[in-house]
Participant: 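Structure below; questions to follow.
No experiment lies behind these values; they were computed from the predicted model shown. By convention in this document, chain letters (A, B, ...) are assigned in the order of the sequence lines, proteins followed by strands, and residues within each chain are numbered from 1.
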Amino acid sequence: MEQLKRTATCGELSAARAGDAVVLNGWVHRFRDHGGVKFVGLRDRYGITQVVVDEDADRSLKATAEGLKNEYCIAVRGTVRSRPLDMVNREMATGEIEVAAAEIRVLSSCETLPFMIDERSEARDELRMKYRYLDLRSFSMQRKIKLRHDVCYYTRQYLHERGFYEIETPTLIKSTPEGARDFLVPSRLQRGRFYALPQSPQLFKQIIMVSGFDKYFQLAHCYRDEDARGDRQLEHTQIDMEMSFVAKEDVFEVVEGLMAALFQRALGVGIETPFRRLSYDEAMNSYGSDKPELRFEMPLQDFGALAAGSGFGVFESVLTDGGTVKALVAGGCGDYSRKQIGQLEEAARTYGAAGLAWMKVSQSGGLEGGISKFFAERAAEVTGALGAVPGDLLLFVADQWKTACTALGAVRTRLGRELGLCDPSQFSFAWIVDFPLFEWNEDASRWEAAHHMFTMPQERFLATLENDPGAVKGDLYDLVCNGFELASGSIRIHDPALQQRIFNVVGFSEEEARRRFGFLLEAFQYGAPPHGGIAPGLDRLVMIMAGESSIREVIAFPKNTAGVSLMDDSPSQVDQSQLDELGLQIVERESG
RNA sequence: GGGGGCGUGGCGAAGUUGGUUUAUCGCGCCGGCCUGUCAAGCCGGAGGUCGCGGGUUCAAUCCCCGUCGCUCCCGCCA
């Protein structure tokens, strides 16, 4: 039988095409049988078109139509006709026409569905993942996948316009176990040896700079064997970029341009550049996070000066121990119940705070409840310093600086969401700069690179690198948006001597450095250009653009939080022969 | 590694401070009716070991313990 090849999509027909003979291919979205006349809502990627089988249609056509069920894949041959005025559906793009069927052919039938292909259907994620191909048929998923495609396309377009080359790097590489856990791939040819899947193309893109391709990018797959989250998968995609002969200003300018182009071209949304800049210290002090939600202000404030001498033992002892007391004014939350405050305290405790102190500003401007008795006499001073007004709730965390900030920051974020301060149509970008280069690892009793070991220290700290590593700020930067870390990057070290000093600070012997990154260090001996780069996370970017809160929503085939792909059931066991070939043996985990 | 939430016909939910009769509702599914619907409507029907295992009890979907699965969060994620 001759193929009924489509001549139009289900989203394109309008009254201008009335009278045309067309063939549509698609899926039965809905079937409505009125006994005489029958309607098929035919769906494809482009839309839904109403197909009509008229009362006077021939017997076999009617019989075929009556056999149709949801999600049958069919072909329809028919004629476009305008609907009578009172039957036009203004909700539908194709609502002014319908296709009168002359022939319907079932291309593929469909079992009873595990869930409806419907915007309103809310199957639980587990089922959506198992039957991902069905989930992806919905317009909402098709829209997100298209958005992702558009972002990829416009990324390539924009970076090409800016002179970048897209260069692929290997996905079977040397394991350099720093930071996240590597995924390992056993080698058959070199028994007992392993490749790693790249956590990022970091070393390769730096080598590409040495090779003279001074602007590089790649939509790179990155793999990290760590616990997954709503905004974190075992594998994700980065818009990986690197440039030679640049300072961080140049990187910012390119990324700001890229973001503006992507939001404009893919969403039609204008975003303001340049982006706001915050130092790491400012971000922590004011918002309690290195990826602050900036769609609302409600900043944390330092309460140390007023807490000192208050007579409140918790505050005073923390201050004596060199800690910090942070305050947050929750505007208009003076009517919060003990229970509500308890929930906020729970958020603070989650991030390591011992508790959450509070008091309320009464209508008379005095302080009441919670710890107010310690401040009652200085009420005006307290409210004045914090900028609080009657009806406000004052919240406090006293702890070591970082804990105090992050714990109260978590309270701030929770409050902001609760109070509806985050406008879903707003995108608040900011650069976070001046990160510390090193972090003290308590367990290992040594300094570690906060970002990675190839990050350039800021020049003003070069002289004191070894003396006071904790004070050193790096030339590294994060791009944040709406409380998510969207990108992370740095200016790199290209001087082997300086690189060696960094290795020394983190206790990396020359020998160990050579063993792990010898090829990069060697490359740097052959005229390495100054360079730097950044890597926006594609999944998070598309997630934010799509207004979603999980990157699973913008990944066609995601894994769950346990790293399992419910559709293909990976990871799976393998044949003994495969293990034998690789010289691998499975050792059962000891129970108990 | 730790903490919270959830698990009830194919799907989404309700329910029982432990009890009476057939575990309820919407969607879907099956059958019938219906010339204009577009989340069609009307009538009828099938479909459940209430995640699994154990315990308490005269009696457990409900309480307790364990376990599995999913999920959110802390840790982790240079």
Side-chain angles (χ1 to χ4, degrees), chain A residues 29-43 48-57 66 69-71 83-84 86-92 94-95 98 100 110-131 134 176-182 199-200 202-203 222-234 236 343 346-353 406-407 410 413-414 435-439 441 443 447-455 474 476 485 488-490 502 506 508 535 537 549-550 552 559-562 564 566:
Chain A
H29 190 64
R30 286 263 149 56
F31 179 60
R32 294 178 292 276
D33 187 345
H34 286 242
V37 67
K38 305 172 206 311
F39 302 97
V40 180
L42 190 65
R43 187 196 72 241
I48 294 178
T49 293
Q50 175 161 287
V51 172
V52 187
V53 177
D54 287 316
E55 167 74 4
D56 56 1
E66 276 161 20
K69 301 193 192 312
N70 283 336
E71 297 305 308
R83 297 195 198 179
D86 55 333
M87 287 165 202
V88 167
N89 185 341
R90 310 243 169 247
E91 312 284 298
M92 286 173 75
T94 60
E98 61 195 9
C110 179
E111 297 290 312
T112 298
L113 294 157
F115 53 85
M116 292 293 289
I117 313 297
D118 194 311
E119 310 300 288
R120 278 169 296 275
S121 160
E122 276 182 40
R124 87 182 77 150
D125 282 2
E126 192 177 347
L127 262 190
R128 295 177 54 205
M129 295 305 159
K130 181 168 182 196
Y131 299 96
L134 295 179
T176 56
E178 269 290 305
R181 219 172 274 117
D182 276 335
Q199 294 180 27
S200 80
Q202 184 61 35
L203 304 183
C222 304
Y223 307 85
R224 291 175 191 176
D225 189 5
E226 299 290 349
D227 290 4
R229 283 286 168 76
D231 64 347
R232 246 162 52 195
Q233 286 262 306
L234 297 183
H236 71 286
Q343 286 168 346
E346 207 42 56
R349 283 184 191 278
T350 301
Y351 284 80
T406 52
T413 309
R414 192 194 154 102
F435 279 86
L437 191 63
F438 301 107
E439 276 171 357
N441 182 324
D443 301 329
W447 290 103
E448 283 182 345
H451 183 57
H452 62 55
M453 289 188 283
F454 312 107
T455 300
L476 67 103
E485 179 192 314
S488 192
S490 65
I502 301 291
V506 300
F508 230 59
S549 54
S550 166
R552 284 192 293 265
K559 293 175 178 50
N560 69 13
T561 50
V564 172
L566 293 170

Participant: When all nucleic acid strands are considered with a 4.0 Å heavy-atom cut-off, which category describes A:Ile48: base, sugar-phosphate, or nothing?
Facilitator: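 No contact.
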Participant: Could you check how far CD1 of A:Ile117 sits from C1' of B:C11, rounded to whole Å?
Facilitator: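 Going from A:Ile117 (CD1) to B:C11 (C1'), I get 12 Å.
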Participant: Check every atom of B:C76, B:G36, B:C70 against the side chain of A:Arg232 and return the nucleotide holding the closest atom.
Facilitator: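 Selected nucleotide: B:C76.
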Participant: Assign A:Gly352 to base, sugar-phosphate, or nothing according to its heavy-atom contacts below 4.0 angstrom with the strands shown.
Facilitator: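 Touches nothing.
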Participant: Using a heavy-atom cut-off of 4.0 Å across all strands, would you classify A:Gly35 as base, sugar-phosphate, or nothing?
Facilitator: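 Here A:Gly35 touches the bases of the nucleic acid.
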Participant: Which one, B:G28, B:C77, B:G36, comes nearest to the side chain of A:Thr112?
Facilitator: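 Looking only at heavy atoms from C-beta outward on A:Thr112, the closest nucleotide is B:G28.
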Participant: Can you identify which nucleotide, out of B:G75, B:U37, B:U35, has its nearest atom closest to the A:Arg229 side chain?
Facilitator: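 In terms of side-chain proximity for A:Arg229, the closest of B:G75, B:U37, B:U35 is B:G75.
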Participant: State the pairing partner of B:C63; accept Watson-Crick or G-U wobble contacts with both distances under 3.5 Å, and report none otherwise.
Facilitator: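 Base-paired to B:G55.
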Participant: Which nucleotide wins on minimum distance to the side chain of A:Ala180, given the candidates B:C70, B:U37, B:C77?
Facilitator: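 Of B:C70, B:U37, B:C77, B:C77 is nearest to the side chain of A:Ala180.
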Participant: Quick one: which of B:U35, B:C73, B:C70 gets closest to the side chain of A:Thr350?
Facilitator: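 Of all the options, the side chain of A:Thr350 is nearest to B:C73.
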Participant: Do A:Thr94 and A:Ile48 make a side-chain contact, defined as non-hydrogen atoms from C-beta onward lying under 4.5 Å apart?
Facilitator: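 No - every pair of side-chain heavy atoms lies 4.5 Å or more apart.
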Participant: Should B:G69 form a Watson-Crick or G-U wobble pair with both distances under 3.5 Å, which nucleotide is its partner?
Facilitator: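 Its partner is B:C6 (Watson-Crick or G-U wobble, both distances under 3.5 Å).
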Participant: Select base, sugar-phosphate, or nothing to describe what A:Met129 touches, counting heavy atoms under 4.0 Å on all strands.
Facilitator: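 Nothing, no nucleic acid heavy atom in range.
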Participant: Given atom CG of A:Leu113 and atom P of B:G12, what is their separation to the nearest angstrom?
Facilitator: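 One finds 14 Å between P of B:G12 and CG of A:Leu113, rounded.
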Participant: Measure CE/A:Met116 against P/B:G10 and give the value in whole Å, please.
Facilitator: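 Answer to the nearest Å: 17 Å.
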